[in-house]
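Accompanying notes for the structure given below.
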Amino acid sequence: MEFIKPGLTIDFIGRRQVFFGLSATVVLIALISVAVLGFNRGIDFKGGTKIVVAFKPDAQVERAELRQVLNDFVTKETGKSDAGQIEVQDFDPGAGASNERQDFLLLTELTSLVSDEKKKALIAKLKGAFPGAQVDVAKEGEDRFFLVLGEKAKITDTYAKLDTLFKAAGYPKFKRSSDIQRQIEVNNFRALQMFQDEEGNLTDDVIKQREANAAAQMTKELEKRSDTRYTVTIEEFKTKLEAVMKVKYGEKFIAVQSSTSVSPSVAGNMMNQGVVAIIYALLGIIIYITMRFDVRYAPGAIVALTHDVLVVVGCFSIAQIKFTMPIIAAVLTIAGYSINDTIVVFDRIRETIAKYPRAPMTSVINHAISNTLSRTILTSVTTLLAVLSIFLLGGGLIRDFAFAMCIGVVVGTYSSIFVASPLFLTLHEAFEKRKTEADAAEVTLAST
């Protein structure tokens with residue numbers, strides 16, 4: 001299938017200044033938006049809580065209804081009219097539990113339901129129950145209390161004291177652990193992994209039995225050991241949400257399977273790491289282009305890739321669509337898609353130069369782009385149809401990913417034709433001009 005008839009050459013280079021101006025304007029708008037509006041960061045980059053809730057397999061549960069339940073719960077607990085960012089997604093618990101229940105992943109910006117006053121009261125009680133102990137609390141994220149005793153105490157006795165103290169304070173669900181217990185758990189996990197590697201595929205029953213044996217052995221070990229460092233994590237969020245779910249759904253609801261909080265500082269680090277990943281990807285592409293072609297081709301590819309990335313992130317900033325980890329993945333995918341299209345054009349330019357070494361460079365580039373245009377249109381349209389289907393029919397974060405890909409496919413195709421190739425021509429002309437000036441200088445020097 002060919003959209004462009006063989007032999008037809010379109011003058012893409014003739015209006016390169018117009019397209020340079022258009023691209024510069026769009027990129028400038030994107031930069032201003034990022035600087036002024038910033039990003040609407042998702043929970044991955046802002047911090048929050050991820051909760052997995054389980055229902056019976058035959059329960060008819062709508063995501064919209066779950067979202068409303070979570071929204072009402074958060075607004076009631078915080079006393080605010082706006083619950084902030086809330087997401088509800090289907091969650092796959094794995095092959096072993098997929099037929100036993102249906103799970104949903106709930107995401108909210110809320111990380112704690114324990115006020116600062118309650119935390120101070122708990123710290124005072126801990127210091128009273130453990131004289132001379134140092135007590136600290138996590139500044140953000142989960143409600144974790146760190147207890148350091150003045151001298152070693154039996155782990156089981158310390159656990160019993162902590163259980164009594166926190167239950168009396170009105171917190172029935174919490175986790176407590178010691179440094180020794182965490183080390184034993186790590187060793188048990190490694191031993192189970194080695195056992196699985198040595199024995200090959202194991203049934204779920206065998207794995208569960210192995211885990212039960214390890215847990216029983218750990219319990220016996222902890223009865224003999226003493227420690228000075230302990231951590232207690234209050235599960236207030238999980239406890240209250242579970243109670244609300246039981247009232248709302250009754251027997252349909254099974255339990256809150258897990259609750260994980262992401263602190264703002266950790267989320268900020270993830271954002272920085274995502275940006276670094278994009279930069280590393282661009283650097284790798286630069287090195288590849290320079291090695292495969294020559295220095296005249298690389299700047300055009302670099303500018304085109306940077307142009308594509310800035311336009312995509314600028315659209316997310318302008319529209320204030322949530323910027324999450326899947327969007328970082330989308331940006332990296334777009335970079336790969338764009339450079340692939342650019343390399344196809346550059347390959348054809350190089351082939352045409354070798355075939356017609358005396359032809360004007362503008363004619364060579366127009367001929368190369370025209371010859372690959374049919375392939376470019378087919379690739380872009382088929383890719384766009386796929387991501388457009390996901391955007392229109394999908395939901396949640398996958399829709400945001402598809403939105404980024406839709407923009408990236410269009411912009412990546414545009415930049416390969418109207419940014420990368422014209423920039424190659426500009427650099428080629430600069431190199432030729434310098435070469436001509438150098439040759440003229442040599443002739444003048446020789447004549448004198």
Side-chain angles (χ1 to χ4, degrees), residues 47-53 73 77 110-192 211-246 255-266:
T49 304
K50 298 180 179 181
I51 309 144
V52 177
V53 293
F73 170 77
E77 292 295 330
L110 185 64
T111 57
S112 173
L113 292 179
V114 182
S115 64
D116 292 338
E117 290 76 14
K118 291 181 179 179
K119 289 178 182 178
K120 291 178 182 178
L122 282 169
I123 290 174
K125 290 181 179 180
L126 285 168
K127 289 182 176 180
F130 301 93
Q134 179 184 345
V135 182
D136 294 311
V137 62
K139 295 181 179 179
E140 56 184 22
E142 292 180 319
D143 299 314
R144 287 177 294 169
F145 294 81
F146 306 102
L147 177 67
V148 182
L149 304 180
E151 58 184 18
K152 286 186 176 182
K154 287 196 67 175
I155 294 175
T156 52
D157 293 343
T158 306
Y159 283 176
K161 280 179 133 181
L162 290 172
D163 291 349
T164 302
L165 188 150
F166 278 89
K167 287 178 181 178
Y171 301 102
K173 286 193 176 183
F174 53 88
K175 295 178 182 177
R176 71 276 193 283
S177 62
S178 66
D179 283 2
I180 290 177
Q181 179 181 337
R182 285 193 290 271
Q183 186 58 52
I184 293 174
E185 288 173 344
V186 170
N187 293 338
N188 287 342
F189 175 78
R190 290 174 178 172
L192 180 61
E211 290 174 343
N213 294 340
Q217 185 63 35
M218 183 179 70
T219 301
K220 292 180 181 179
E221 183 70 19
L222 292 178
E223 291 175 353
K224 307 173 186 177
R225 306 289 293 273
S226 300
D227 204 352
T228 58
R229 302 175 69 88
Y230 298 85
T231 302
V232 181
T233 304
I234 297 176
E235 298 181 318
E236 186 73 353
F237 196 128
K238 177 180 177 180
T239 303
K240 290 189 175 182
L241 181 61
E242 198 167 54
V244 170
M245 289 290 181
K246 287 179 179 177
V256 174
Q257 295 295 323
S258 64
S259 175
T260 306
S261 294
V262 181
S263 65
S265 60
V266 172

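Not measured: the values here are computed from a predicted model.
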Side chain to side chain, R176 and D163, heavy atoms closer than 4.5 Å: yes

Pairwise side-chain contact, Y171 with K118, heavy-atom cut-off 4.5 Å (strictly under): yes

Closest heavy-atom pair and its distance - N188, M218: ND2-CB, 4.2 Å

CG-CZ distance between D227 and R225, expressed to the nearest 0.5 angstrom: 8.0 Å

L126 and V232, any side-chain heavy atoms less than 4.5 Å apart: no

Option passing side chain to side chain contact (heavy atoms under 4.5 Å, CB included) with S178 (candidates I155, I184, L147): I155

Among R229, E185, R182, the one residue meeting side-chain hydrogen bond (donor to acceptor under 3.5 Å, both in side chains) with S177: R182

Polar side chain donor-acceptor pair, D179 to Q183, under 3.5 angstrom: no

Separation between CD1 of I180 and OG of S226, rounded to the nearest 0.5 Å: 7.0 Å

Heavy-atom pair of closest approach, residues A129 and K161: O-NZ, 3.4 Å

Working for side-chain contact (heavy atoms from CB on, under 4.5 Å), residues F73 and K240: CA-CA 9 Å; F73 170 77; K240 290 189 175 182; 3.8 Å; yes

Distance (rounded to the nearest 0.5 Å) between Q181 CD and E221 CD: 11.5 Å

Geometric class of the F166/F174 ring pair [parallel <30°, tilted 30-60°, perpendicular >60°]: tilted

Contact check, side chains of F130 and V135, non-hydrogen atoms, under 4.5 Å: no

V256 side chain near F237 side chain, heavy-atom distance below 4.5 Å: no

Pairwise distance CG(L241) to NZ(K246) - rounded to 0.5 angstrom: 11.0 Å

K127 side chain vs A133 backbone, donor-acceptor pair below 3.5 Å: no

Minimum side-chain heavy-atom gap L122-I234 below 4.5 Å: yes

Salt bridge (Lys or Arg N to Asp or Glu O under 4.0 Å), paired with K173, selected from E236, E242, E235: E242

Atom pair CZ (F146) and OG1 (T233), whose distance is rounded to the nearest 0.5 Å: 7.0 Å

